[in-house]
Amino acid sequence: MLQVSFLRQNRDLAKKKLAIKHFAQPDLVDTVIDLDDERKQLQASFDETQAKVNSASKEIGALMAKGDKEKAEATKISVGEWKKQLEPLKEKMAQVEIDLQNALVQFPNLPHDLVPLGKSPEENVLVREGGVLPKLPAGAEAHWDLIKKYNLVDFETGAKITGSGFPLYIGKGAKFQRALVQYFLDFNTAAGYTEYLPPFMVNAASAFATGQLPDKEGQMYHATEDDFYLIPTAEVPVTNIFRDVVLKEAELPLQMTAYSPCFRREAGSFGKEVRGLNRVHQFEKVEIIQIVHPNKSDEVLNEMVVHVEKLLVSLGLPYRILRLCGGDMGFASAITYDFEVYSAAQERWLEVSSVSNFESYQTYRMKCRFKDAAGKIQFAHSLNGSSLALPRIFAAIVENYQTESGIALPKALQSYFGAENLI
RNA sequence: AGAGAGGUGUCCGAGUGGUUUAAGGAGCACGCUUGGAAAGCGUGUAUACGGCAACGUAUCGGGGGUUCGAAUCCCUUCCUCUCUGCCA
């Protein structure tokens, strides 16, 4: 969420930056400032009257103690008058605050200066690429055929149990998932991240704090009986650890990693784009999250990008890193780098990680602050990234490591899987 | 799931309608004292909003109510603990 004080001081800059994100209602900036002016005015007169009520009430107490009942009763009457004035003020103030809040949550985060202009994925900027394209055997197949051939994943039975997009992993396929999770977590903790295993459902307050609510309501599964939401990513529960918390500056940076299943309704496209493991409703992911000093977030973002890159290199997959343009970025992000892995058999790039700096957008929304050396309270910055999302890594490894007689494994995974080859 | 007990500041903890301006203690910070340390003494020690400021307003788990006045009374909700039940 953007801060009114910032919008007030940077009215034109904010509008310019919102335009980069293709935000359709620049005038909302003015609306918000007007509403805030109104709120201030209302509060001033409310506070003034309330102060009169408070001091008169105290006076009544003193008069009663003295036994001056007559004067006490007279004071009660004037208090009654003031309270009548208070009622409409209170209502109006509550309404203005709701309006202000409703307007504020509509703003996406402002883009970082490095964010390229552009509207669609084609306008994302290639930062660098690495890895080598594999030489696939003749008759190389896409992962949806390979997993069937080797009985690693059964979509039909998953659909029978739950619905489409809920894959059932079997045998070596299931074990491979477990090996990947274990490897990713170990890789992250070795780099200093603390491992968490969070709840997989969150309440509405948590979903609001990380920006899933109110605008992305339909993308989450909702357990209505208890009003819990199934998490779309571990970012939600883990970042919320620090909701309404004032940290000490010395505690920063906080580095967390967590495995979780991710649940996404993903109302969307059909066909090749979503075939096999390319897009599913439930998938496994290991996430990295940092809460840092605002001065450090640019630097930390780069560190996180390098961290994820090293992980991809260790898997021997051909990859590229893109800096997303304003039109392709997430709502809450100030700057995002996407990692894509080349699926040789599908002949297309698959997004496997997205690393973002949210700056103070989430932390303001969830009141995650820290006390600096001077004793001043400031909002921290939050960042997160996948390291990594499993299904597409699974797909890419199965495709890129296929041989004529089976599927090989990257060296780094062999000890985790307990064999040199997947098949 | 049923019954009961609770939720107060950084922490412990007092507080059943009015100098509570939340006692007292601990911790922490600063100062005094000291050769140095401990002890002792003194001062300070939540957040948000409004205001140039003085200061004001709100907050005793959350929300609502009663009252001139609520940490205190009522309703509601969440959470924790104990016992019982159920369960991997």
Side-chain angles (χ1 to χ4, degrees), chain A residues 1-9 32-105 197-209 213 222-229 237 240-252 261 360 362-380:
Chain A
M1 204 155 69
L2 299 180
Q3 300 180 45
V4 185
S5 58
F6 179 87
L7 294 175
R8 195 182 277 284
Q9 283 158 34
V32 157
I33 293 169
D34 290 345
L35 281 169
D36 194 47
D37 284 336
E38 197 182 348
R39 180 190 63 84
K40 283 185 186 189
Q41 220 172 6
L42 285 167
Q43 193 182 335
S45 47
F46 179 87
D47 283 1
E48 197 189 331
T49 311
Q50 183 66 51
K52 281 198 263 184
V53 170
N54 286 349
S55 69
S57 294
K58 233 173 258 176
E59 216 175 288
I60 292 169
L63 290 169
M64 297 288 247
K66 261 199 293 181
D68 192 345
K69 235 177 159 179
E70 213 171 291
K71 206 165 174 191
E73 288 303 323
T75 311
K76 272 192 199 183
I77 289 167
S78 36
V79 171
E81 299 282 310
W82 291 325
K83 285 192 68 169
K84 260 183 229 156
Q85 294 172 27
L86 238 36
E87 274 310 308
L89 276 174
K90 202 172 163 185
E91 268 171 47
K92 200 154 183 205
M93 202 154 70
Q95 190 53 53
V96 168
E97 261 160 32
I98 290 167
D99 291 347
L100 182 60
Q101 181 75 5
N102 287 345
L104 271 177
V105 295
L197 183 60
F200 299 153
M201 290 198 241
V202 295
N203 56 32
S206 292
F208 176 83
L213 292 180
H222 188 190
T224 52
E225 181 100 0
D226 297 288
D227 199 21
F228 293 152
Y229 293 87
N240 268 284
I241 295 168
F242 303 99
R243 169 153 54 88
D244 292 321
V245 168
V246 180
L247 296 155
K248 297 187 186 94
E249 186 168 357
E251 291 177 81
L252 302 176
S360 60
Q362 288 181 328
T363 53
Y364 176 64
R365 206 169 162 122
M366 73 169 121
K367 310 234 171 330
C368 171
R369 295 161 293 174
F370 72 97
K371 199 171 241 178
D372 67 20
K376 225 184 118 204
I377 305 264
Q378 293 188 46
F379 289 98

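Order of the sequence lines sets the chain letters (A, B, ...), proteins ahead of strands, with each chain counted from 1. Worth knowing before you read on, the calculation uses all heavy atoms, side chains too, and leaves out hydrogens, waters and symmetry mates.
The salt bridge (Lys or Arg N to Asp or Glu O under 4.0 Å) analysis of residues 86-100 of chain A, with sequence neighbours excluded, yields no pairs. Contacts classified as salt bridge (Lys or Arg N to Asp or Glu O under 4.0 Å) and involving residues 32-51 of chain A (residues at least two apart or in different chains) are given here: A:Arg8-A:Asp36, A:Arg8-A:Asp37, A:Asp36-A:Arg39.
In the 5' to 3' direction, nucleotides of RNA chain B lying under 4.0 Å from heavy atoms of chain A begin and end at B:G18 to B:G69.
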Donor-acceptor pairs under 3.5 angstrom involving side-chain atoms of residues 367-379 of chain A: please list them, not counting sequence neighbours.
| from | atom 1 | to | atom 2 | distance (Å) |
| --- | --- | --- | --- | --- |
| A:Asp372 | OD1 | A:Ala374 | N | 2.9 |
| A:Asp372 | OD1 | A:Gly375 | N | 3.0 |
| A:Asp372 | OD1 | A:Lys376 | N | 2.8 |
| A:Asp372 | OD2 | A:Gln378 | NE2 | 2.9 |

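One C1' atom belongs to B:G27, the other to B:G17, and the distance between them is 34 Å to the nearest Å. Straight-line distance between the C1' atoms of B:U8 and B:A23: roughly 12 Å, to the nearest whole Å. Taking the P atoms as reference points, B:C74 lies 15 Å from B:G4, given to the whole Å. Rounded to whole Å, the separation between the P atoms of B:A22 and B:A58 comes to 13 Å.
Across all strands shown, A:Ala51 has heavy atoms under 4.0 Å from sugar-phosphate atoms exclusively, and none from any base. Heavy atoms of A:Ile377 sit under 4.0 angstrom from primed sugar atoms or phosphate atoms, though from no base atom. In this structure, A:Lys371 reaches the sugar-phosphate backbone alone: every heavy-atom distance under 4.0 Å involves primed, P, OP1 or OP2 atoms, never a base.
Applying the side-chain hydrogen bond (donor to acceptor under 3.5 Å, both in side chains) rule to A:Tyr229 yields the partners A:Glu217; only residues at least two apart in sequence or on another chain are considered. For the side-chain hydrogen bond (donor to acceptor under 3.5 Å, both in side chains) test, residues two or more places apart in sequence or in another chain that qualify with A:Asp227 are A:His222. When the side-chain hydrogen bond (donor to acceptor under 3.5 Å, both in side chains) test is applied to A:Asn54, the partners found at least two apart in sequence or on another chain are A:Gln50. For A:Phe208, there are no ring pair (Phe, Tyr, Trp, His ring centres under 6.0 Å) partners two or more places apart in sequence or in a different chain.
Using a 4.5 Å cut-off on side-chain heavy atoms (C-beta onward), A:Val202 and A:Asn240 make no contact.
Within residues 78-85 of chain A, the residues that have a heavy atom under 4.0 Å from RNA chain B are, in order of number, A:Val79, A:Lys83.
Mapping A:Gln50 and A:Arg369 onto RNA chain B by nearest heavy atom places A:Arg369 closer to the 5' end of the strand. The residue among A:Gly61 and A:Lys52 whose nearest nucleotide of RNA chain B is located toward the 5' end is A:Gly61.
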